Amino acid sequence: MQPSAANKKQLVEPFYELSCHNCPVLDCSVLRHCTQDCLEKIDKLKKVVGFFKGQRILLEGNPARGVYFLLQGKVKLFKTDVRGQEVIIRFAKPGDIVGLSVNTERPENEVSATAMEDTMLCHVNHDAFVELLNSDAKLAFELLRFYRAELHKTEMRSLKLATMTVQEKVADALVTIYEAYGAEGKQRTLCLELSRQDIGNLAGTTKEQVSKVLTDLKNKGMIDTNGKQIDLINLSALMQLAGLA
DNA sequence: CCATTAAAGTGGT
DNA sequence: ACCACTTTAATGG
């Protein structure tokens with residue numbers, strides 16, 4: 001089932017897919033509160049799918065295949081603007097839900113998604129999931145809560161993109177990554193390695209500006225960089241820069 | 001080991 | 001912010 005390294009990149013479909021009825025019941029944030037009956041239904045319907053790092057999971061505009069619950073790994077959710085430039089919407093972590101379309105007649109992916117690491121997701125067919133939403137009010141409510149929180153974050157970020165300086169936006173992007181995936185060790189090494197381009201796409205700037213701001217912050221002792229590895233040495237100073245203090 | 005390519009960094013406009 | 005150029009790192013024979 002494991003493809004060779006040579007054809008990894010060409011893969012569009014998940015490298016791994018199976019019906020998995022004896023996996024432990026999902027412990028995703030949204031599903032934690034739904035009824036036993038509902039969990040059993042999901043358990044029967046679900047398929048576990050895997051994607052390699054760098055693989056595309058969703059392509060915006062394509063028909064939505066259903067809903068994905070992120071089990072393991074990290075996923076970048078983004079839109080592509082008129083110039084073909086990526087705009088990063090958010091980073092998903094285990095427990096998050098990805099790929100839900102609100103259009104019930106002709107469901108379409110509203111965002112694109114790629115795996116930042118080897119990733120495992122749990123897939124539930126779109127129509128079946130909508131049916132479950134209709135039958136389990138608690139599930140629907142949890143979903144509402146989840147997207148309400150996401151919407152709030154997105155609103156805050158679009159406000160920032162419009163008003164902040166480049167340095168502030170990059171600092172904010174670093175804090176955003178930290179809040180999404182955390183950091184390891186005393187040095188607070190970010191648990192996600194992004195290209196300068198990706199950081200730019202998150203901060204609403206260019207990769208060149210990101211390079212410059214990063215060396216600037218490094219000289220000020222707020223961060224340390226080693227290739228794509230970034231240490232948040234002075235987190236509170238960064239948060240202050242980002243207006244989060 | 002070297003050659004090719006992609007990404008990072010830098011300076012000028 | 002954008003472009004052009006240099007440097008560095010990663011990849012593959």
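Not measured: the values here are computed from a predicted model. So that the names make sense, note that chain A is the first sequence line, chain B the second, and so on, each numbered from 1.
Each side-chain hydrogen bond (donor to acceptor under 3.5 Å, both in side chains) pair with one or both residues in residues 120-141 of chain A, not counting sequence neighbours, appears once here: Thr35(A)-Asp136(A).
Not counting sequence neighbours, the partners of Lys218(A) by the side-chain contact (heavy atoms from CB on, under 4.5 Å) test are Ile223(A), Asp224(A), Thr225(A). The side-chain contact (heavy atoms from CB on, under 4.5 Å) check on Lys93(A) picks up Asp96(A), Tyr181(A), with sequence neighbours excluded. Take Glu208(A) and apply the side-chain contact (heavy atoms from CB on, under 4.5 Å) test, not counting sequence neighbours, and it matches Thr206(A).
Rounded to an integer number of Å, the gap from CG of Asp216(A) to P of dG11(B) is 13 Å. Atom CG of Leu217(A) and atom C1' of dG9(B) are 15 Å apart (whole Å). Between Glu193(A) atom CD and dA6(B) atom P there is a gap of 20 Å when expressed in whole angstrom units. Across the protein-nucleic acid pair, Leu214(A) atom CG and dA8(B) atom C1' stand 11 Å apart, rounded to whole Å. One interatomic measurement links the two molecules: NZ of Lys228(A) to P of dA6(B), which rounds to 13 Å at whole-angstrom precision. Distance NZ (Lys212(A)) to P (dC5(C)): 15 Å, rounded to an integer number of Å.
In this structure, CD1 on Ile97(A) lies 12.0 Å from OH on Tyr68(A), to the nearest 0.5 angstrom. Rounded to the nearest 0.5 angstrom, Arg196(A) CZ and Ile230(A) CD1 are separated by 5.5 Å.
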Could you list, one pair per line, each protein nitrogen or oxygen that sits under 3.5 Å from a nitrogen or oxygen of nucleotides 7-9 of chain C, together with the distance?
none

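A side-chain donor-acceptor contact under 3.5 Å links Ser112(A) to the backbone of Glu60(A).
Using a 4.5 Å cut-off on side-chain heavy atoms (C-beta onward), Leu100(A) and Tyr147(A) make contact.
Of all the residues in residues 194-209 of chain A, Thr205(A), Thr206(A), Glu208(A), Gln209(A) reach under 4.0 Å from DNA chain C with at least one non-hydrogen atom.
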